[in-house]
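This report refers to the structure that appears directly beneath it.
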Amino acid sequence: QVQLVESGGGLVQAGGSLRLSCAASGRTFSNYHMGWFRQAPGKEREFVAAITRSIVNTYYADSVKGRFTISRDNAKNTVYLQMNNLKPEDTAVYYCAAKTGGGITYSKSLYDYWGQGTQVTVSS
């Protein structure tokens, strides 16, 4: 079992930046692939970014590529999402998730543990 707690959300103007953090506790953090997902009102939860447990590979949704950066610090049991040039359409609750075993994936159904989410609101 691993517990995930997100922080860093807030209200920002379009073009601004935010850095989300997700602190993990429980089992060995470096054993998990980590992902960020988001869910806007009335929409399904969607993939944003993911990073392998080895930190070697990262993956991004097309909508955030070039603007968002996922990273992790296995010594601090934390994964980050740096979000630059934010747009109103980035407004959503952002969730981090952990996946055990297998390879990295965009599919939310294959992640085993989820945080409670943090709200990001981008004003125009």
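Source: prediction; values computed, not measured.
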>> Going by disulfide bond (SG atoms under 2.5 Å apart), name the pairs with one or both residues in residues 36-91, residues two or more places apart or in two chains.
In response: none
>> If the condition is side-chain contact (heavy atoms from CB on, under 4.5 Å), which residues does Gln3 pass it with, not counting sequence neighbours?
In response: Gln1, Ser25
>> Are the side chains of Val2 and Tyr32 in contact, using a 4.5 Å heavy-atom criterion?
In response: yes
> How would you list all residue pairs meeting disulfide bond (SG atoms under 2.5 Å apart) that involve residues 13-116, not counting sequence neighbours?
Replying inline: Cys22-Cys96
>> Can you pull out every salt bridge (charged side-chain N to carboxylate O under 4.0 Å, His left out) where at least one residue sits in residues 111-124? Sequence neighbours excluded, please.
In response: none
> ring pair (Phe, Tyr, Trp, His ring centres under 6.0 Å) with Tyr111: which residues, sequence neighbours excluded?
Replying inline: Phe37
> How would you list all residue pairs meeting salt bridge (charged side-chain N to carboxylate O under 4.0 Å, His left out) that involve residues 33-52, not counting sequence neighbours?
Replying inline: Arg38-Glu46, Arg38-Asp90, Glu44-Lys108
>> Tell me which pairs pass ring-ring contact (aromatic ring centres under 6.0 Å, His included) where either residue lies in residues 73-104, with sequence neighbours left out.
In response: none
>> Taking side-chain contact (heavy atoms from CB on, under 4.5 Å) as the definition, give me every residue that meets it alongside Thr121, ordered by chain and number, with sequence neighbours left out.
In response: Leu11, Thr91, Gln119
> Who pairs with Ser30 by side-chain hydrogen bond (donor to acceptor under 3.5 Å, both in side chains), at least two apart in sequence or on another chain?
Replying inline: none
> Please, which pairs that meet salt bridge (charged side-chain N to carboxylate O under 4.0 Å, His left out) have at least one residue in residues 69-81, sequence neighbours excluded?
Replying inline: none
>> So, using side-chain contact (heavy atoms from CB on, under 4.5 Å) as the criterion, who are the partners of Ser109 when residues are at least two apart?
In response: Ser107
> What residues form a side-chain contact (heavy atoms from CB on, under 4.5 Å) with Ala23, not counting sequence neighbours?
Replying inline: Thr78
